[in-house]
Undergrad: 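Let me begin by handing over the structure; questions about it come next.
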Amino acid sequence: MNLFLLAVSTENFTFFDGCVVAAAGILTVILILFIISICISVSARIIYFFEHKGEKEILRKKAAQPEVHAPAAPVPEPAAVSEAPLPLQDDKELVAAITAAIAASMNISPNRLIVRSFRRPKNWQNEAIQEQIYHSAGFKAGL
């Protein structure tokens, strides 16, 4: 098998020779891509090192400094939460504030919004889970 780089004679060129040339080309491309990926990986690590060099020094300084603890102040106990509904006046103020915030975010007049119902959730965690479920399913309330 005689392959010349500058002049290739097609007289004695067999299918096997073509497969060898194709395989050599494919392996060359794969080798170059591998070298490029190594260069990108190394440069990313170098950039990361230089970007976070200052942070490591700050962490070392903080670790070297002795921790000073202030005397513990008595922690006040949280106020008892009552499940009784708030007076109607508080609900009206809350509805007005929510309506004004929605109108401001939508750039419309608050007079154009009508509050049809208002309820206070008893368990905020369950409400947050339900909201996440509706948003992930593509549900859009009121649109």
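Every value quoted in this text rests on a predicted model; they were computed, and no experiment measured them. Computed from heavy atoms alone, side chains included, the values below leave out hydrogens, waters and symmetry copies.
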Undergrad: Could you work out, with side chain to side chain contact (heavy atoms under 4.5 Å, CB included) as the rule, every residue matching Arg45, not counting sequence neighbours?
TA: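 By the side chain to side chain contact (heavy atoms under 4.5 Å, CB included) rule, Arg45 matches Ser41.
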Undergrad: Does Val42 share a hydrophobic cluster with Phe34, counting links as ILVMFWY side-chain heavy atoms below 4.5 Å and allowing steps through other members?
TA: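 Yes; tracing contacts between hydrophobic side chains, which count when under 4.5 Å, links both residues.
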Undergrad: Measuring from atom CG of Leu33 to atom CD1 of Ile38, what distance do you get when rounded to the nearest 0.5 angstrom?
TA: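 It comes to 11.5 Å.
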Undergrad: State which residues pass side chain to side chain contact (heavy atoms under 4.5 Å, CB included) with Phe50; sequence neighbours excluded, sorted by chain then number.
TA: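 Phe50 satisfies side chain to side chain contact (heavy atoms under 4.5 Å, CB included) with Ile46 only.
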Undergrad: With sequence neighbours excluded, what pairs up with Ile129 under the side chain to side chain contact (heavy atoms under 4.5 Å, CB included) test?
TA: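 Only Gln125, Asn126, Ile133 meet the side chain to side chain contact (heavy atoms under 4.5 Å, CB included) criterion with Ile129.
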Undergrad: Could you identify which residues cluster with Leu31, counting Ile, Leu, Val, Met, Phe, Trp and Tyr as linked when any side-chain heavy atoms lie under 4.5 Å apart, either directly or through a chain of such contacts?
TA: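 Members alongside Leu31: Ile35.
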Undergrad: Got a sec, which residues hit side chain to side chain donor-acceptor pair (under 3.5 Å) with Thr14, two or more places apart in sequence or on another chain?
TA: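 So Thr14 forms a side chain to side chain donor-acceptor pair (under 3.5 Å) with Asp17.
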Undergrad: Could you list who else is in Ile32's hydrophobic cluster, with ILVMFWY side chains joined at under 4.5 Å, directly or through other members?
TA: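 Its cluster mates, by chain and number, are Ile36, Ile40.
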Undergrad: Give the minimum heavy-atom separation between Leu113 and Thr99, together with the two atoms involved.
TA: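 Closest heavy-atom pair between Leu113 and Thr99: CD1-O, 3.7 Å.
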Undergrad: Under the side chain to side chain contact (heavy atoms under 4.5 Å, CB included) test, which residues partner Ser43, sequence neighbours left out?
TA: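 Scan of Ser43 (side chain to side chain contact (heavy atoms under 4.5 Å, CB included), adjacent residues dropped) gives none.
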